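Step one of this worksheet: look at the structure below.
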Amino acid sequence: MIVVKTRAELQERLNEAAAKSVIGFVPTMGALHSGHCSLIDFAVENADYIVASIFVNPTQFNDANDLKNYPRTIENDLKYLEQHGCDLVYIPDVEDVYHDKRSFFVDLNGLDTVMEGEFRPGHFDGVVDVVSRLFDIVKPDKAFFGEKDFQQLSIIKYIAESLDVEIIGCPTVRESDGLAMSSRNMLLEENYRKQAFVIYKSLIWAKKNYRKITVNDLKKEIENRITKSGKFIVEYVNIVESDTLVSIDEWKDKNINCCVAVYAGKVRLIDNIKLNY
Ligand code: AMP
């Protein structure tokens, strides 16, 4: 596995090795876990030459402490990537990615105004900026993103419509108790970690029962189930059309997702479930 730190080296390596290959790309912020590894596995199955990036993108953090405390485990990350068949890893510094002042701002047609967009102002501007820049640098044929970050995946699919990159969404990988794997899980205090299964358990309950009660009652019930132990604070529970992310207030014969954001002490966790497909 080749490790490069600059876009110049990256492009040189890509020219040498991958000129005629299908390039599969997995962007990450590091602190890798089995969820990230599953994206590499999907990439290996669906592309010829696998590029991953590890870059903690400052512009998508709206909270300076979150950025400062974001876990960094580079040695382990490299081991995981190599074990799973990654060919090339790009680990740039901020200047290498933001080397010019081009603006990648796009109107996201409301996809960024709800849920994460509402509670983390500017977050998706940063995500769109960095993903556009990374796509511009790596020029992948296919890029792999997790359904765990459901809204992010929708937004990236939307911006990729005008780019020549196929976006492949990959299922959420979970811990044995159901908690969605996340780099932030390692920051959870033990007493929160022990109870955190309640988030997915509540989503599973929602999937089984959603048609029996109103949308509003379902949201309230999910919140009650998550907060019952007194440990967690729910930031939002939202039920949205899967393609437009528009909130619904009554059940529809459309694909819908239920999305939640929860504070477990200082750590913010998100998760979601498809309700009807
Ligand atoms: P991050 O390093 O958190 O920016 O995540 C990099 C990529 O891994 C994103 O596409 C995430 O959606 C994806 N990802 C993170 N956690 C999981 C998970 N538990 N299962 C599947 N994909 C994930």
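Both counts, for ligands and for their atoms, begin at 1 and track the order of listing. Model, not experiment: these values are computed from the prediction. Starting from 1, each residue takes its place in the sequence as its number. Computed over heavy atoms, backbone and side chain alike; hydrogens, waters and symmetry mates excluded.
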May I ask you to check if R174 and Y200 form a cation-pi contact, with NZ or CZ under 6.0 angstrom from the six-membered ring centre and within 45° of the axis?
-> yes
Can you find a pair of side-chain heavy atoms, one from M181 and one from K148, that are under 4.5 Å apart?
-> no
Collect the protein residues that have a non-hydrogen atom under 4.0 Å from ligand 1 and hand them over in chain and number order.
-> P27, T28, M29, H33, G35, H36, L39, Y70, F145, G146, K148, D149, Q152, P171, T172, V173, M181
Going by heavy atoms in the side chains, are C259 and Q151 under 4.5 Å from each other?
-> no
Tell me, please, which residues at least two apart from K266 pass salt bridge (Lys or Arg N to Asp or Glu O under 4.0 Å).
-> none
Please determine which of I222, N238, L269, I270 meets the side-chain contact (heavy atoms from CB on, under 4.5 Å) test together with V260.
-> I222
R133 with D100: basic N within carboxylate O range, under 4.0 Å = yes
